[in-house]
Amino acid sequence: MNKRQRVWFITGISRGLGKALAQVVLAAGDAVIGTTRTGKADWTQDEPGLTLMPLELTDTEAIRKTVADAYALHDRLDVVLNNAGYGLLGAVEEASAEETAHAFAVNFQGPLAVMTAVLPFLRQQRSGHIVNVSSIAGLAPMAGSGLYAAAKFALEGVSEALAQEVAPLGIRITLVEPGAFRTEFLSSDSIRRSEDRIGDYDQTAGKNVDYLATIAGRQAGDPERGARAILAAVDAERPPLHLVLGSDALRRTREKLATLSAELEAWHQLSTSTDYPTF
Ligand SMILES: NC(=O)c1ccc[n+]([C@@H]2O[C@H](COP(=O)([O-])OP(=O)(O)OC[C@H]3O[C@@H](n4cnc5c(N)ncnc54)[C@H](OP(=O)(O)O)[C@@H]3O)[C@@H](O)[C@H]2O)c1
């Protein structure tokens, strides 16, 4: 391996954003250790610089071993990219306990297990960058995405706190919040819809779920451009903690901030009324 090459660990490179990321990073001359559930991916024939490893995100024991094996390969990991995930759609009340647990296992506990497995190595190195692919749903959720959003909010919360804990140790954290990207995310091979249906939510959650079905294959976000944007953020001298991707995600984030800010102002007197009086 060339000494100036960085080593990336990327989950879920079989397709979608993870595949685009692996291809863009390899084209930039860095080495990639990419995971897929089977340990295979059809696009990866003889890709120089790529090592494939099997990883199912609900298997936290396997995550520990895979991360250790990945580190041992080059005796270092420079960028750890938690990309793999899937969406669970439906009203909050429609989600079963099993559907919720699985969405959290894949979108939160799996990435958390990757982070806790890799941190001892990154602390030892006193360097490294963890990039967690969240979602615009992790910043500004819509009706119909509540449990998926909750798992991504959990990833956001952990990442924001962790960023403060590891900054003095030379480790960086970035959350990526994509809007709608033209991957297989909305295809029946990826997205899940809660089985339960409650008619009272047809005009809120149901309407949004139906709308998402109409934009599948027409999403504005280009995965390759998204991958290049993530690479640019990682390359930056001061990488962002939050990287919102796509004009739709930017608009929704701005709307959320404006609404939150206006609400804070409107209620600030009641907010501050709970302090003990100062003498
Ligand atoms: N595309 C969007 O509009 C969008 C928007 C916001 C956020 N995101 C986030 O972006 C990330 C990538 O999604 P994508 O758009 O590239 O979707 P995708 O095309 O459906 O690809 C999802 C990837 O995650 C892997 N994966 C799913 N469940 C897994 C599990 N249990 N264990 C291991 N790997 C698993 C898939 O592997 P298999 O091929 O084996 O299924 C695949 O490699 C996800 O975290 C998603 O939440 C996407």
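Order of listing sets the numbers, starting from 1, for every ligand and every atom in it. All heavy atoms count here, side chains included; hydrogens, waters and symmetry mates do not. In this text, all values refer to a predicted model and were calculated from it rather than measured experimentally.
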Below 3.5 angstrom, do we get any N/O pair linking Ser190 and ligand 1?
-> yes
Any N or O of Phe181 that comes nearer than 3.5 Å to an N or O of ligand 1?
-> yes
Indicate whether the side chain of Asn132 and that of Ser159 have a donor and an acceptor atom separated by less than 3.5 Å.
-> yes
Before accepting this row, confirm whether a basic side-chain N of the pair Arg252/Asp248 lies closer than 4.0 Å to the acidic partner's carboxylate O.
-> no
Determine whether the side chain, the backbone, both or neither of Ser134 has a heavy atom under 4.0 Å from any heavy atom of ligand 1.
-> backbone
To the nearest 0.1 Å, how far is atom 28 (N) of ligand 1 from its closest protein heavy atom, and which atom is that?
-> Arg37 NH2, 3.5 Å
Closest heavy-atom contact between Ala91 and Arg193?
-> N-NH1, 4.5 Å
re atom 4 (C) of ligand 1, the protein heavy-atom contact at minimum distance is Gly179 O, 3.8 Å
Under 4.0 Å to a heavy atom of Ala84 - the qualifying atoms of ligand 1, by number | 24 (O), 25 (C), 26 (N), 34 (N), 35 (C), 45 (O)
Taking atom types as modelled, is there a side-chain donor on Gln5 or His74 under 3.5 Å from an acceptor on the other?
-> no
So which heavy atom in the protein is nearest atom 21 (O) of ligand 1, and how far is it from that ligand atom?
-> Arg15 CG, 4.0 Å
With the 4.5 Å side-chain cut-off for hydrophobic clustering, are Val79 and Ile130 part of the same group?
-> no
Linked, directly or transitively: Phe108 and Ile173 (ILVMFWY side chains, under 4.5 Å) = yes
Should Glu255 and Arg251 count as an ion pair when the cut-off is N to O under 4.0 Å?
-> yes
Which atoms of ligand 1 have any heavy atom of Leu17 under 4.0 Å away?
-> 16 (O)
Of all protein heavy atoms, the one nearest atom 36 (C) of ligand 1 is Ser14 OG, 4.0 Å
Would you say Gly18 has any N or O atom under 3.5 Å from an N or O of ligand 1, going by distance alone?
-> no
Counting heavy atoms only, which of Gly16, Ala249, Pro111, Gly85 comes nearest to atom 22 (C) of ligand 1?
-> Gly85
Which residue holds the protein heavy atom closest to atom 15 (O) of ligand 1, what is that atom called, and what is the gap in Å?
-> Thr183 OG1, 2.5 Å
Compute the shortest N/O to N/O distance between Thr58 and ligand 1 and return yes if it is under 3.5 Å, no if not.
-> no
Hey, does Val106 come in under 3.5 Å of ligand 1, counting only N/O atoms on both sides?
-> no
Presence of salt bridge, Arg228 and Glu224, under 4.0 angstrom = yes
Within the 4.0 Å heavy-atom cut-off, what Gln219 brings close to ligand 1 is neither
Is there at least one pair of N or O atoms, one from Gly12 and one from ligand 1, spaced under 3.5 Å apart?
-> yes
Find out whether Val32 and Ile10 are in side-chain contact, i.e. whether some heavy atom of one side chain is under 4.5 Å from a heavy atom of the other.
-> yes
Lys152 to ligand 1, any heavy atom closer than 4.0 Å = yes
Quick one: do Asp235 and Arg6 make a salt bridge, cutoff under 4.0 Å?
-> yes
Would you say Leu55 touches ligand 1, if touching means a heavy atom closer than 4.0 Å?
-> yes
With the side chain counted from C-beta on, respond yes when Val234 and Val131 share a heavy-atom pair under 4.5 Å apart, and no when they do not.
-> yes
Would you check whether Asn107 has a nitrogen or oxygen atom less than 3.5 angstrom from a nitrogen or oxygen atom of ligand 1?
-> no
Look at atom 47 (O) of ligand 1 and say which protein heavy atom is nearest, naming residue and atom and giving the distance to 0.1 Å.
-> Tyr148 OH, 2.7 Å
Hey, what's the ring geometry for Tyr86 with His102, parallel, tilted or perpendicular (30° and 60° as the breaks)?
-> tilted
Lys/Arg N to Asp/Glu carboxylate O, Glu177 vs Lys152, below 4.0 Å | no
Contact check, Asn83 vs ligand 1, heavy-atom distance below 4.0 Å | yes
Shared hydrophobic cluster for Val67 and Leu119 (ILVMFWY, side-chain gaps under 4.5 Å) = yes
Could you check atom 13 (O) of ligand 1 against the protein and tell me its nearest heavy-atom contact, residue, atom and distance included?
-> Phe185 CD1, 4.2 Å
Show your working on side chain to side chain contact (heavy atoms under 4.5 Å, CB included) between Arg76 and Gln125 and close with a plain yes or no.
-> CA-CA 8 Å; Arg76 96 173 192 255; Gln125 291 176 174; 3.4 Å; yes
Counting from 1 in the order shown, the ligand 1 atoms closer than 4.0 Å to a non-hydrogen atom of Ala180 are 3 (O)
Applying a 4.0 Å heavy-atom criterion (strictly less than), which segment of Leu57 is in contact with ligand 1: side chain, backbone, both, or neither?
-> both
How close does the nearest protein non-hydrogen atom get to atom 31 (N) of ligand 1, and which residue and atom is it?
-> Glu56 OE2, 2.9 Å
Residue pair Ile13 / Thr36, side-chain heavy-atom distance below 4.5 Å = yes
Pull out every atom of ligand 1 sitting under 4.0 Å from any heavy atom of Val133, numbered as shown with elements.
-> 9 (C), 10 (O), 11 (C), 45 (O)
Numbered atoms of ligand 1 (with element) below 4.0 Å of Glu184, judged on heavy atoms | 19 (O), 20 (O)
